[in-house]
2 protein chains.
Amino acid sequence: MRSGIKQVAEHAGVSIATVSHVINNTRYVSDEIKRKVYEAMEELDYRPNSAARSLRSQKSNTIGLIVPVLPSDTSNFFFMMVAQGIQFTLKQHGYHLLLSNNTTEQIEDEQEQIKLFNSKLIDGLFIASIAEDVSYLNEIVRSNYPVVFIDRKPAGYNGDSVLADGLGGAYEAVKTLIAKGHRRIGLLTGELGITTSNERYEGYQKALADHGIPWDPSIVKVAESNFESGYEGVKALLAEHDITALFIANNVLTMGAMRYIQERRIQIPAELAVIGFDDYDWTQITSPPLTVIRQPSYEIGVKAAEIMLKRIENPSAGSKEYRLPTALIMRDSC
Amino acid sequence: MRSGIKQVAEHAGVSIATVSHVINNTRYVSDEIKRKVYEAMEELDYRPNSAARSLRSQKSNTIGLIVPVLPSDTSNFFFMMVAQGIQFTLKQHGYHLLLSNNTTEQIEDEQEQIKLFNSKLIDGLFIASIAEDVSYLNEIVRSNYPVVFIDRKPAGYNGDSVLADGLGGAYEAVKTLIAKGHRRIGLLTGELGITTSNERYEGYQKALADHGIPWDPSIVKVAESNFESGYEGVKALLAEHDITALFIANNVLTMGAMRYIQERRIQIPAELAVIGFDDYDWTQITSPPLTVIRQPSYEIGVKAAEIMLKRIENPSAGSKEYRLPTALIMRDSC
DNA sequence: CTGAAAGCGCTTACAG
DNA sequence: CTGAAAGCGCTTACAG
């Protein structure tokens, strides 16, 4: 039998109220008694039962995370890194992370997950929603706990958001390509709708505009974010159009695209200059190593967790947007 | 205010006992009453409070997962895929997954994590322990819930284990290299001690022995599993020894090794034949695409979850080991 | 400065 | 076939 607060109280010769207060540091207890309580806890290897604690205090010390990662997607580092950053930070503050993948990319699934989390009395929710508009949160979450949006900033609900500066990153990539003399610069990007893709597209357009290059919609390819689409995407782009450079706006598409490029022995950067998105180790092992826009994925997780902890302490109104800078990592592909 | 079982009972005009029983399907209730209860639950959007449920039933419907993934390790797909497989399967059975990374690779950290999980009343634990001997579990877990070991099979505690057939995979890789005419086959592998590395080493030795090739310890390099070590590992191997082929026994080392190989423009397979471990998308974008031993990582997660669910239902004694087959994926690097 | 006691929302013997 | 009630292990007003 595991021992509870009652056993500790008996062992220390005090009331359970006192034990509770020394555990939570929630009112003055004399040093002498404190010592006794700690000793008793030590001796009995006491661990507070968090179900009881949650039930009573309506707090679970647990925060939910919902990310859209398909099981087929053996390449999506981004959310995995974010999750790690979150978990690491939460752990240091005594919080647990409940993980859920939305594997279907259905909005109903997302809602169902949140309902499940609700019955676990989560203290907060991190979500990379697949929806553009999350007003459904008004009914499901009802401001019972803070919501922090990661990577994407959907409309319709009040919550902080933590994202990378996708516009700036895309802008820098395209500007770099332009500086190298390219004018026919293709874009391969994920499906529009979520802010992430929208912003990168915008950055691309803005860079072209700022440098007086007309925007040619026929050399931008919008594709589902998976390896296959990356492969087919460059293939189509190269078959039909005379581009000399390509900016690929996410890491999964980049990987698929590189497969096609390496298969056809297309010379980089001689025949085609490329800049990819996200800086993971594998971008260094292609031939040549890829120039990429780095997003601080782990740091996004850390930041999101910090924001969440603050919100839990101080649920003041008003939401804020946190932008983490991207960086151009120059290698040999352009 | 969220509504509880009491409100549902009132609304349906029955006792809370009856409501509880229809929720849990735990004793006969007439169809008529059942209908009323369901209606009431629907109407009030009732979600059982799982803290209360856990406190009362000593079950949390939550299972913990501890994996050793370093924050610096932007390459470790394996456990991420396993985690996904676990979470997907658990979700379908109404279980939640509590995630924890052991980011320090300290055994004390591992123990601390488990203690934290204990106070959350987890119903089970998945662990890829960094320890060879986990007898400490006897004190911490005390058979309070089943433990399923993933990827590694440490000694000292009774639990099922789910792993890939590392010995067979390594054997097949080396055999393939031998069949291609190689006799000086190097090995780059992760640190010994955990069963995973041990077995792959064994497979390597066995394949050599079975084909009458003397085992030369000077061409095996044991290294920490990270990108840097992979890079330095091949570098050392190639500088000092005349190997014509190389088997790299895990994916992180493979990535680092490929970096060195591509940097030095070493021709594969002409100058060096290589077979890597783990089949992730990025193994297709190197030049040439890599021949690898595929481990079914997602499936290991699914299997582990299934075993866990069975154990929870039926905590019979005796543990079993489940081996999932590996497969040689032939591409162009050998 | 510390304790006795109510109550969080459920499940589950016990009655009838 | 269904209900009244005890109790899981805590936290936190309320007293003194």
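Lettering follows sequence order; numbering is per chain, from 1.
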Legend entry - Interatomic distance, A:Gln7 CD vs D:dC8 C1' [rounded to whole Å]: 12 Å

Inset, instruction - Describe, in one word, how the ring planes of B:Phe88 and B:Tyr298 are oriented to each other, choosing from parallel (under 30°), tilted (30 to 60°) and perpendicular (over 60°). - result: tilted

Inset, instruction - Mind calculating the distance between NZ (A:Lys34) and P (C:dC1) to the nearest angstrom? - result: 11 Å

Legend entry - Spacing between A:Arg47 atom CZ and D:dC10 atom C1', to the nearest angstrom: 16 Å

Inset, instruction - Round to a whole Å and report the spacing from CE of B:Met41 to P of C:dG9. - result: 17 Å

Inset, instruction - Check whether any side-chain heavy atom of A:Ile114 lies under 4.5 Å from a side-chain heavy atom of A:Ile66, and answer yes or no. - result: yes

Inset, instruction - Would you mind classifying the nucleic acid contact of A:Ser50 as base, sugar-phosphate or nothing, using non-hydrogen atoms under 4.0 angstrom? - result: nothing

Inset, instruction - Any chance you could encode DNA chain D as dot-bracket? Rule is Watson-Crick or G-U wobble with both distances under 3.5 Å; [ ] for pairs crossing earlier ones, | for another strand. - result: |||.||||||||.|||

Inset, instruction - Return no unless some side-chain N or O of A:Ser54 is found under 4.0 Å from OP1 or OP2 of D:dC10. - result: no

Legend entry - From B:Asn144, B:Val141, B:Ile63, B:Leu98, residue fulfilling side-chain contact (heavy atoms from CB on, under 4.5 Å) relative to B:Ile122: B:Leu98

Inset, instruction - Indicate yes or no: at least one non-hydrogen side-chain atom of A:Glu191 is less than 4.5 angstrom from one of A:Ser225. - result: no

Inset, instruction - Check whether any side-chain heavy atom of B:Gln113 lies under 4.5 Å from a side-chain heavy atom of B:Asn102, and answer yes or no. - result: no

Inset, instruction - Look at B:Ser30 and D:dT2 and indicate whether a side-chain polar atom (N or O) is within less than 4.0 Å of OP1 or OP2. - result: yes

Legend entry - Working for side-chain hydrogen bond (donor to acceptor under 3.5 Å, both in side chains), residues B:Glu110 and B:Ser129: CA-CA 8 Å; B:Glu110 200 171 288; B:Ser129 178; 2.6 Å; yes

Inset, instruction - Figure out the CD1/P separation between A:Ile5 and C:dA5, and round it to whole Å. - result: 16 Å

Inset, instruction - Could you please name the option among C:dT2, D:dG9, C:dC10 that lies closest to any side-chain atom of A:Val29? - result: C:dT2

Inset, instruction - Rounded off to whole Å, could you give me the CG-to-P distance for the A:Asn61 and D:dT11 pair? - result: 11 Å

Inset, instruction - Determine the sole option in B:Thr62, B:Asn49, B:Asn61 for which the side chain to side chain donor-acceptor pair (under 3.5 Å) test with A:Lys120 is passed. - result: B:Thr62

Inset, instruction - Calculate the interatomic distance between A:Lys59 atom NZ and D:dC10 atom C1'; express it in whole Å. - result: 15 Å

Legend entry - Working for salt bridge (charged side-chain N to carboxylate O under 4.0 Å, His left out), residues A:Lys36 and A:Glu39: CA-CA 5 Å; A:Lys36 274 193 205 154; A:Glu39 256 178 41; over 6 Å; no

Legend entry - B:Arg323 side chain near B:Leu163 side chain, heavy-atom distance below 4.5 Å: yes

Legend entry - Strand contacts (DNA chain C) in residues 15-28 of chain A, 4.0 angstrom heavy-atom criterion: A:Ser15, A:Ala17, A:Thr18, A:Arg27, A:Tyr28

Legend entry - B:Arg56 CZ to D:dA5 C1', straight-line distance once rounded to whole Å: 11 Å

